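We count ligands from 1, going down the list as the structure has it; atoms in each ligand are counted the same way. Predicted model only: the values in this text are computed from it and were never measured. Only this structure's heavy atoms are used, side chains among them; waters, hydrogens and symmetry mates stay out.
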Amino acid sequence: MERMPFGKTADGKEVSRFKLTNAAGAYVQIINYGGIITAINLPDREGRLGDVVLGYDSLEEYVQDRNYFGAIIGRTANRTENACFELEGVEYKLGKNEGNNHLHGGVAGFNKALWDAEMVGSKDGESLLLSYLGKDGEEGYPGNLQARVRYTFTDKNELVMEYGAISDRDTVVNLTNHSYFNLSGHQSGSVLGHKLMICGDRFTPIDSALIPSGEIRSVAGTPMDFMELTAIGARIGWDDGQLLHAGGYDHNWILGNGGKVPEKAAEVVDETSGRVLEVFTTKPGIQFYSGNFLDSVLGKEGALYGKRSGFCLETQYFPNSMKHKHFPSPVLKAGEEYRSTTIYRFSVVA
Ligand code: BGC
């Protein structure tokens with residue numbers, strides 16, 4: 001594993017970029033600012049390496065970024081309505097960073113934190129262990145939360161993300177990664193031709209602020225039906241209320257897994273390059289976001305990322321789950337351990 005300097009934060013702290021290489025010569029780059037995955041270089045069907053995640057060249061651009069490129073999201077992913085929740089009769093007010101709502105951990109979420117980093121060996125491949133102490137009251141959340149993320153890049157081209165956390169007070173935790181993929185290569189333009197399958201037959205409909213209303217709806221007969229591999233763009237332009245709210249896909253699908261071992265949640269096939277991404281997780285939900293808000297973002301190597309030039313598959317507890325008691329609970333009790341695993345497995349088809 002290599003460790004290279006990647007600039008300094010505004011308060012003078014060194015940021016490093018780590019390179020995890022596997023036996024096949026594929027590699028992943030991660031910085032300890034935001035735990036951001038800055039590159040994932042994988043072979044296409046011809047064996048040519050290409051970088052399949054959107055990103056920037058410099059630390060300054062990641063500091064300015066509002067798209068959450070590649071970052072770890074915490075303390076809670078996605079939206080909390082009115083930026084407040086109630087836990088054991090006490091109301092907590094969170095940072096508002098999207099109108100009246102709280103998105104992706106607030107103004108200074110875990111994606112803007114400097115994480116401690118340790119390179120560790122593992123039988124499965126090179127690993128990077130990141131840790132960060134989210135303070136009691138930070139962005140309004142209760143409890144000092146010691147969070148850990150271990151990234152391992154295996155010889156089978158799997159990026160394994162193991163999340164852990166422990167708090168000294170009862171709190172809420174919902175950690176994810178916000179990588180934007182384009183399996184043709186990060187600079188390849190639209191992802192609408194990629195084919196997607198999601199292992200869920202129900203989703204949580206949103207309102208015009210993109211917040212789940214609490215309803216659980218079948219995907220049957222709707223453009224949300226990705227039970228079989230279907231082009232992302234096949235129905236994205238339909239005159240459908242759910243798509244219109246979000247300007248495309250930006251919804252949470254309900255996965256049927258038991259939460260103990262990672263189970264398959266989604267698959268994406270890019271017939272152009274032959275690259276395939278499979279997502280496995282212990283989490284109960286997955287947000288499929290079709291990059292609707294990307295708007296001429298100047299990225300790595302001079303790339304210009306337009307609308308829908310990358311997609312995200314963010315494993316998670318359902319958004320706004322503190323408001324809807326029938327959603328799986330993101331509450332973490334004091335002293336108990338939060339654990340979840342998500343795997344991005346890459347391969348190629350002929
Ligand atoms: C959300 C989108 C949001 C994007 C970047 C996604 O997880 O679902 O609505 O625009 O993150 O903030």
Inset, instruction - Can you sort out which atoms of ligand 1 are near L210, meaning under 4.0 Å from one of its heavy atoms? - result: 9 (O)
Inset, instruction - Specify side chain, backbone, both or neither for N292, according to which of its non-hydrogen atoms lie closer than 4.0 Å to ligand 1. - result: neither
Legend entry - K307 bridged to D295 by N-O distance under 4.0 Å: no
Legend entry - Contacting atoms of ligand 1, where contact means under 4.0 angstrom from a heavy atom of Y68: 5 (C), 12 (O)
Inset, instruction - Check each atom of ligand 1 against the heavy atoms of E314 and keep those under 4.0 Å away; list them by number with element. - result: 6 (C), 7 (O)
Inset, instruction - List every atom of ligand 1 that sits less than 4.0 Å from any heavy atom of Y180, numbering the atoms from 1 in the order shown and giving each element. - result: 5 (C)
Legend entry - N78 neighbourhood, listing ligand 1 atoms whose heavy-atom distance to it stays under 4.0 Å: 8 (O)
Legend entry - Best match, T176, D250, I211: closest heavy atom to atom 9 (O) of ligand 1: D250
Inset, instruction - Would you confirm whether the ring centroid of Y27 sits within less than 6.0 angstrom of the ring centroid of F18? - result: no
Inset, instruction - Give me the ring orientation class for F181 and F311: parallel if the planes are under 30° apart, tilted from 30 to 60°, perpendicular past 60°. - result: tilted
Inset, instruction - First locate atom CZ of F327, then atom OG of S329, and finally report the distance between them rounded to the nearest 0.5 Å. - result: 12.5 Å
Inset, instruction - Decide whether a cation-pi geometry holds between R66 and F293; the criteria are a distance under 6.0 Å from NZ or CZ to the six-membered ring centre and an angle within 45° of the ring axis. - result: no
Legend entry - For F293, the ligand 1 atoms whose distance to one of its heavy atoms is below 4.0 Å: 9 (O), 10 (O)
